[in-house]
Trainee: 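Got a structure here, written out as structure tokens. Questions coming.
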Protein chains: 2
Amino acid sequence: MEFEEKTLSTETIFDGVLVHLEREEVLLPNGKTSIREIIRHPGAVAMIPFTKEGKMVLVRQFRKPLNRTVIEIPAGKLEKNDLEPLEAAKRELEEETHYAARNWSELETMYPSPAYLDEKFTIFLAEGLEKVADPLPQDEDEFVEVVECTYEEALKLKASGEICDAKTLYALLYWKLRLLEKEA
Amino acid sequence: MEFEEKTLSTETIFDGVLVHLEREEVLLPNGKTSIREIIRHPGAVAMIPFTKEGKMVLVRQFRKPLNRTVIEIPAGKLEKNDLEPLEAAKRELEEETHYAARNWSELETMYPSPAYLDEKFTIFLAEGLEKVADPLPQDEDEFVEVVECTYEEALKLKASGEICDAKTLYALLYWKLRLLEKEA
């Protein structure tokens, strides 16, 4: 089957602080044309951080699109001067939680919503967390609260609806697998 | 800690076919103001469909934001006249794969990117698939190819990068857990 959609024209609709929106006219494989609305995003990093005691370190923050607080794994978007995702992940973990991790490994790179969004993010596993004596400061306009929890506590936060985003639900499945594999 | 960001003003930037973009000025807990760019989306459904032989049914389609084909679990956005997600899921499965499922159960509702997107989708488990004799037709401007695979084949599609979106990577973790639990 022929799949490719060739771009006939591209129009920038909005170039904002975070969101860059384009509208493309494309040529479909059947010779017709269609419109694709595409959000361009700089990319992001996220991490699944475990303390030595096996607790996961999460962060609570207000998410305006949902108009309520959400508890998520630590994450942040890539900045223009980020050389590589791992460095960005280390900075985000320290800024948001005041932890540094002894061991980092890359788990997966994924696209949250490829139908209309080019955002890609890399998830790392961060283990052997230690509190940083003099951590990088949080942005003064960021309001983030650290939540450390056991697996059972995380399931309660999911049942309450406060854990509800795709990357954190992915992290909980990952955690369940990890616990099952340790048992085996 | 106080988290709430009160909306001071809302401006519609773009009202497209799929994407509705708003720009809100908000009052932060520290008394300062900030800008939130928010994409409003009608919501979606996705499903993890297993054939009687235990294969997963996926779909390959061109995703313009990535400019290549991606293999994903079947999914679709909610339409204005959708009464409930389950009905939308049944329709999407039939249109995209020509299968109907004997057993449906709701697994999870999740937000792909709550920092700037209000999209919410519900993932269902669909089991006992049977080919529909006279299926709902695919939209003539949709180009979707069905891919049925074993778990090992799915891992190869992931390694090749063609499986790369968050909901399908979630589905693969779910599948791994399901296989482990069947072994136990």
Side-chain angles (χ1 to χ4, degrees), chain A residues 1-5 7 13-14 16-19 21 23-24 26 28-30 32 34-41 60-66 69-70 72 75 77 108-120 140-141 143 145 164-167 169-170 173-174 176-177 180-181 184, chain B residues 1-5 7 13-14 16-19 21 23-24 26 28-30 32 34-41 60-66 69-70 72 75 77 108-120 140-141 143 145 164-167 169-170 173-174 176-177 180-181 184:
Chain A
M1 195 190 281
E2 179 56 43
F3 286 102
E4 196 186 351
E5 300 176 354
T7 301
I13 301 288
F14 181 68
V17 181
L18 176 63
V19 169
L21 175 62
R23 188 172 177 280
E24 295 203 359
V26 298
L28 300 177
N30 64 2
K32 292 202 211 176
S34 187
I35 296 298
R36 299 281 176 251
E37 294 158 359
I38 300 172
I39 295 146
R40 306 277 175 204
H41 184 280
R60 174 185 279 126
Q61 59 197 310
F62 195 81
R63 291 306 200 179
K64 192 61 191 168
L66 279 57
T69 56
V70 174
E72 294 162 65
K77 66 174 192 293
E108 204 110 83
T109 291
M110 56 178 84
Y111 294 84
S113 209
Y116 60 102
L117 179 59
D118 77 350
E119 181 185 345
K120 158 170 116 164
E140 63 171 323
D141 291 343
F143 302 86
E145 188 173 75
C164 61
D165 75 308
K167 66 184 176 309
L169 292 170
Y170 175 94
L173 274 194
Y174 176 86
K176 188 172 178 185
L177 260 171
L180 276 177
E181 284 170 350
Chain B
M1 195 191 281
E2 178 59 44
F3 288 101
E4 196 185 351
E5 299 177 354
T7 301
I13 301 288
F14 180 68
V17 181
L18 177 63
V19 169
L21 175 62
R23 189 171 176 280
E24 296 204 359
V26 299
L28 299 177
N30 63 2
K32 292 201 208 175
S34 188
I35 297 297
R36 297 283 176 250
E37 295 159 357
I38 301 173
I39 296 148
R40 306 278 176 204
H41 183 281
R60 173 184 280 127
Q61 59 197 308
F62 195 81
R63 292 305 201 179
K64 192 60 191 168
L66 279 57
T69 56
V70 175
E72 295 164 63
K77 66 175 194 291
E108 203 108 84
T109 291
M110 56 178 83
Y111 294 83
S113 209
Y116 60 101
L117 179 60
D118 78 350
E119 181 184 347
K120 158 171 116 166
E140 61 170 323
D141 292 341
F143 302 86
E145 188 174 73
C164 60
D165 75 306
K167 65 183 178 310
L169 291 169
Y170 176 94
L173 274 193
Y174 177 86
K176 188 172 178 184
L177 262 172
L180 277 177
E181 284 170 349

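First the proteins, then the strands, lettered A, B, ... as listed; each starts at 1. Computed over heavy atoms, backbone and side chain alike; hydrogens, waters and symmetry mates excluded.
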Trainee: Does any heavy atom of chain A fall under 4.5 Å from the side chain of B:Leu21, the backbone, both, or neither of them?
Mentor: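 Only the side chain of B:Leu21 comes within 4.5 Å of chain A.
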
Trainee: With a 4.5 angstrom heavy-atom cut-off, could you sort out which part of B:Lys32 is near chain A: side chain, backbone, both or neither?
Mentor: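 Just the side chain, heavy atoms under 4.5 Å.
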
Trainee: Which bit of B:Thr109 comes within less than 4.5 Å of chain A, counting heavy atoms only: side chain, backbone, both or neither?
Mentor: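 Backbone of B:Thr109 only, per the 4.5 Å heavy-atom cut-off to chain A.
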
Trainee: Is the closest side-chain heavy-atom distance between A:Glu119 and B:Tyr116 below 4.5 Å?
Mentor: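 Yes, close enough: below the 4.5 Å cut-off.
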
Trainee: Chain A: which of B:Lys120, B:Arg63, B:Glu72, B:Glu24 shares the most heavy-atom pairs with it under 4.5 Å?
Mentor: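 Highest number of heavy-atom pairs under 4.5 Å: B:Arg63.
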
Trainee: Is B:Arg60 in contact with chain A via its backbone, its side chain, both, or neither, using a 4.5 Å heavy-atom distance?
Mentor: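 Interface part for B:Arg60: both.
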
Trainee: With chain B as the partner, which of A:Leu18, A:Ile39, A:Thr7, A:Asp141 has the greatest number of non-hydrogen pairs under 4.5 Å?
Mentor: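 Looking at each of A:Leu18, A:Ile39, A:Thr7, A:Asp141 in turn, A:Asp141 comes out on top.
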
Trainee: Using a cut-off of under 4.5 Å for heavy-atom pairs, which of B:Ala115, B:Pro65, B:Gly16 has the most such pairs with chain A?
Mentor: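 Top count of heavy-atom pairs under 4.5 Å with chain A: B:Pro65.
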
Trainee: Quick one: of B:Ile38, B:Asp165, B:Leu169, who has the most non-hydrogen atom pairs under 4.5 Å with chain A?
Mentor: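 The answer is B:Leu169.
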
Trainee: Which atoms of B:Glu5 are under 4.5 Å from chain A, going by heavy atoms: the side chain, the backbone, both sets, or neither?
Mentor: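 When you check distances to chain A, atoms from both the backbone and side chain of B:Glu5 fall under 4.5 Å.
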
Trainee: Hey, does A:Val70 have a side-chain heavy atom less than 4.5 Å from the side chain of A:Cys164?
Mentor: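 With C-beta onward as the side chain, the pair touches.
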
Trainee: Against chain B, work out which of A:Ser34, A:Ala75, A:Ala166 has the most heavy-atom pairs shorter than 4.5 Å and name it.
Mentor: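 Winner by heavy-atom pair count: A:Ala166.
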
Trainee: Can you name the nearest heavy-atom pair linking B:Glu145 to A:Phe3, along with the distance?
Mentor: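 Scanning both residues completely, I find the closest heavy atoms to be CB-CZ, 3.6 Å.
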
Trainee: Contact part of B:Leu180 toward chain A, heavy-atom cut-off under 4.5 Å: side chain, backbone, both or neither?
Mentor: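 For B:Leu180, side-chain heavy atoms alone lie under 4.5 Å from chain A.
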
Trainee: With chain A as the partner, which of B:Asp118, B:Ile35, B:Leu117 has the greatest number of non-hydrogen pairs under 4.5 Å?
Mentor: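 Highest number of heavy-atom pairs under 4.5 Å: B:Leu117.
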
Trainee: Which region of A:Leu66, side chain (C-beta onward) or backbone (N, CA, C, O), has a non-hydrogen atom less than 4.5 Å from a non-hydrogen atom of chain B, or is it both or neither?
Mentor: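 Side chain only.
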
Trainee: Does a salt bridge link B:Lys176 with A:Glu181, judged by any charged N lying under 4.0 Å from a carboxylate O?
Mentor: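 Yes.
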
Trainee: Between CD of A:Glu4 and OG1 of B:Thr69, what distance do you get to the nearest 0.5 Å?
Mentor: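 Separation between the atoms: 10.0 Å.
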
Trainee: Heavy-atom distances under 4.5 Å only: say whether A:Val26 touches chain B with side chain, backbone, both or neither.
Mentor: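 A:Val26 touches chain B through side-chain heavy atoms alone.
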
Trainee: Does A:Arg40 CZ have over 12 foreign heavy atoms under 6.0 Å away?
Mentor: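 Correct, the count exceeds 12.
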
Trainee: Between B:Tyr170, B:Tyr111, B:Phe14, B:Tyr174, which shows the greatest number of heavy-atom pairs under 4.5 Å with chain A?
Mentor: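 Highest number of heavy-atom pairs under 4.5 Å: B:Tyr111.
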
